[in-house]
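Letters A, B, ... are given to chains in the order of the sequence lines, protein chains preceding strands, and every chain is numbered from 1.
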2 protein chains.
Amino acid sequence: MKSNKEGNHYDVSRYRTPDGYTSDIAVFTITSEVTKAYAPPKMELKLMLIKRAAHDTEGNPNIEASKWALPGGFVTPEETAFEAAIRELEEETGIGGIQLKHFGVYDRPGRDPRGWIISNAHYAIVPEQKLSDRKASDDAADVELFSVRELDELPLAFDHKQIIEEAIAHISRDLLQTTAAEQFLPELFTYSELQAVLLTVTDDKAIRNDQAFARKIKSLPFIEAAKGQKTQRTSKLPTQLYRFIDAEIKQSIYTARH
Amino acid sequence: MKSNKEGNHYDVSRYRTPDGYTSDIAVFTITSEVTKAYAPPKMELKLMLIKRAAHDTEGNPNIEASKWALPGGFVTPEETAFEAAIRELEEETGIGGIQLKHFGVYDRPGRDPRGWIISNAHYAIVPEQKLSDRKASDDAADVELFSVRELDELPLAFDHKQIIEEAIAHISRDLLQTTAAEQFLPELFTYSELQAVLLTVTDDKAIRNDQAFARKIKSLPFIEAAKGQKTQRTSKLPTQLYRFIDAEIKQSIYTARH
DNA sequence: CTAATAGTGTCTATGAGACAGTATATA
DNA sequence: TATATACTGTCTCATAGACACTATTAG
């Protein structure tokens, strides 16, 4: 897609071209299990996977049959891979209005036995409710949520094991270093709900400690208390609600505490 | 690259495929201008660009002729886009052994008038010496280093303006949030040399302040003083040298100071 | 000597971290 | 009343940030 120093004109037809261009989406949700009344929820980070059919519609054995895979599909020339990911997420799960983030390209030769197929990987953060709605409206035998801790033993198609590992690394980092946790929470949330989200990807002492975290949340520049707004959904004691606000976060490892 | 819930078998040939798959590389260097003896260098972040020839080898007018472009080229089916970037960087500039980082995919329809061409963008951090060696050994009329501040007025080919903007954003972030600055420095460096590198992408008060930064560097967990090793290259007073060491950096916006 | 860079001494304010204690509502 | 969660009081210690000061060497 360029000239080089010698000024050659590249004729596109002279080059071998890929056999396919796809988007895959790692759809994450945090399940919020209410263990009892007036208590913070137990939260767990889960990933949605689809089970590949044993046979295709003509009855022939399917490739990578019966393995679990990320949802996704082919990109058309009229759209970007990112747009295709949004479209496919909606087609396959009925979920719209979701934040997606591109995090990688997978193009290792041989990664797909059907040819030279390049995949763009994205992750999405979906509120649990949207996923369970969809699952209920479906036969859904082949769509399942897996805890990120139980993915190791699962048979995964293609190179999706690697893609998933890197998706988890990216979402963990984003949850801690950006305000992505916002996507998993209602607009107004308590300190213990935010804490539960963060604890799905870290065991940091300062986040685990209730008192420390309850104090800290008040001084974070990107979170503000919702004045006079309280809830009893996490405790008998009416609890302060907070919301995310827009605030530039600029940190550097050279100025932070260590 | 998947089955969907209905179990369709995708026949690759049923889909339109891209017309090309390329890698582009934003080659950054920090020029270190020694203004006078016994003083820290003036440093500036620069980007290497190549001027597209007016005509191709057969004498036909070249596409996007005479504009400036990132080095790069087509990916072959035997390699990943990342490997292609390394190969092309070496072919076009003779530079090897360089750290590359993939930072984006550019696949907007119409971005390249020659067809549906997908580009993977990478950035590289190259010590100034390696670049100037190469430039001297070449006629090099069409290879130039531009300060990132003067790129706005430059005529750039394709969507390289956007790619370059995003490359600068990525490298700025990486310099401040990872130990990428290591790539721009000799193995042993003074606090003022590290400071000069960081100041090419930030104006943070705590980094700009000499005393503050000289104190801070001693407590950074990923930098250690090289015992007894001093230099006079930045001042008449022999100055302590430091080196980067491997240390895990785990920060979160919820635990840092603000 | 001067000039320039590289530090150190010291004070203040802030906040992290730990621990104990208090507050409020439900059952 | 007991219990669980949400908070506050208070202490100690580390360090960021500011300012003044000292140290070393070439020329």
*Please tell me which of A:Tyr242 and B:Ser219 maps to the more 5' nucleotide of DNA chain D, matching each residue to the nucleotide holding its nearest heavy atom.*
A:Tyr242
*What does A:Ser192 touch in the nucleic acid at a heavy-atom separation under 4.0 angstrom: a base, only the sugar-phosphate, or nothing?*
sugar-phosphate
*Drop me the distance from A:Glu193's CD to A:Thr231's OG1, to the nearest 0.5 angstrom.*
7.0 Å
*For the pair made of CD1 in B:Ile253 and C1' in C:dA16, what is the distance, rounded to whole Å?*
18 Å
*Are any of A:Tyr191's side-chain N or O atoms less than 4.0 Å away from OP1 or OP2 of D:dA6?*
yes
*Test item: side-chain donor near acceptor, A:Tyr106 and A:Asp24, under 3.5 Å*: no
*Indicate yes or no for a side-chain donor-acceptor contact from A:His160 to the backbone of A:Leu70 under 3.5 Å, with no hydrogens or angles considered.*
yes
*Provide, to the nearest angstrom, the distance between the CG atom belonging to A:Asp204 and the C1' atom belonging to C:dA16.*
12 Å
_Just checking B:Tyr242 against B:Phe222, ring centres under 6.0 Å apart?_
no
*asked:* What contact category does A:Ala206 fall into here, base, sugar-phosphate, or nothing, at under 4.0 angstrom with non-hydrogen atoms?
replied: sugar-phosphate
*Which one, D:dG17, D:dT10, D:dT25, comes nearest to the side chain of B:Pro238?*
D:dT25
*Would you please confirm or rule out a distance under 4.0 Å between OP1 or OP2 of D:dA18 and any side-chain N or O of B:Lys205?*
yes
*Going by the angle between their ring planes, with limits at 30° and 60°, are A:Phe213 and A:Tyr191 parallel, tilted or perpendicular?*
tilted
*From the options C:dT5, C:dT8, D:dT10, select the nucleotide whose nearest atom is closest to the side chain of B:Gln211.*
C:dT8
*Rounded to the Å, how far apart are A:Phe213 CZ and D:dA6 P?*
12 Å
*B:Lys218 NZ to D:dA16 P, straight-line distance once rounded to whole Å*: 13 Å
_I need the CD-P distance between A:Gln232 and D:dC7, as an integer number of Å._
12 Å
*Figure out the CD/P separation between A:Gln195 and D:dC7, and round it to whole Å.*
12 Å
*May I have the distance from B:Ile217 (atom CD1) to C:dG7 (atom C1'), rounded to whole angstrom?*
13 Å
*asked:* On DNA chain C, does the nearest nucleotide to A:Tyr38 precede the nearest nucleotide to B:Thr190 from the 5' side, or the other way round? Give the residue.
replied: B:Thr190
_Rounded to whole Å, please give me the gap between CG in B:Asp210 and P in D:dA18._
13 Å
*Distance below 4.0 Å between A:Lys236 side-chain N/O and C:dA27 OP1 or OP2*: no
*For the side chain of B:Arg215, starting at C-beta, report the closest nucleotide among C:dT10, D:dC7, D:dT8.*
C:dT10
*asked:* OP1 or OP2 of D:dT5 versus the side-chain N and O atoms of A:Thr239: is any pair under 4.0 Å?
replied: no
*Closest to the B:Ala39 side chain, choosing from C:dT5, D:dA16, C:dG17*: C:dT5
*Do any side-chain nitrogens or oxygens of A:Ser235 fall under 4.0 Å of OP1 or OP2 in C:dT24?*
no
*Do the rings of B:His102 and B:His122 sit parallel, tilted or perpendicular, given the 30° and 60° boundaries?*
perpendicular
*The side chain of B:Leu237 lies closest to which of these nucleotides: D:dA23, D:dT5, D:dA26?*
D:dA23
*Measure from the side chain of B:Arg257, starting at C-beta and using heavy atoms only, and say which of C:dT14, D:dA6, D:dA18 lies closest.*
C:dT14
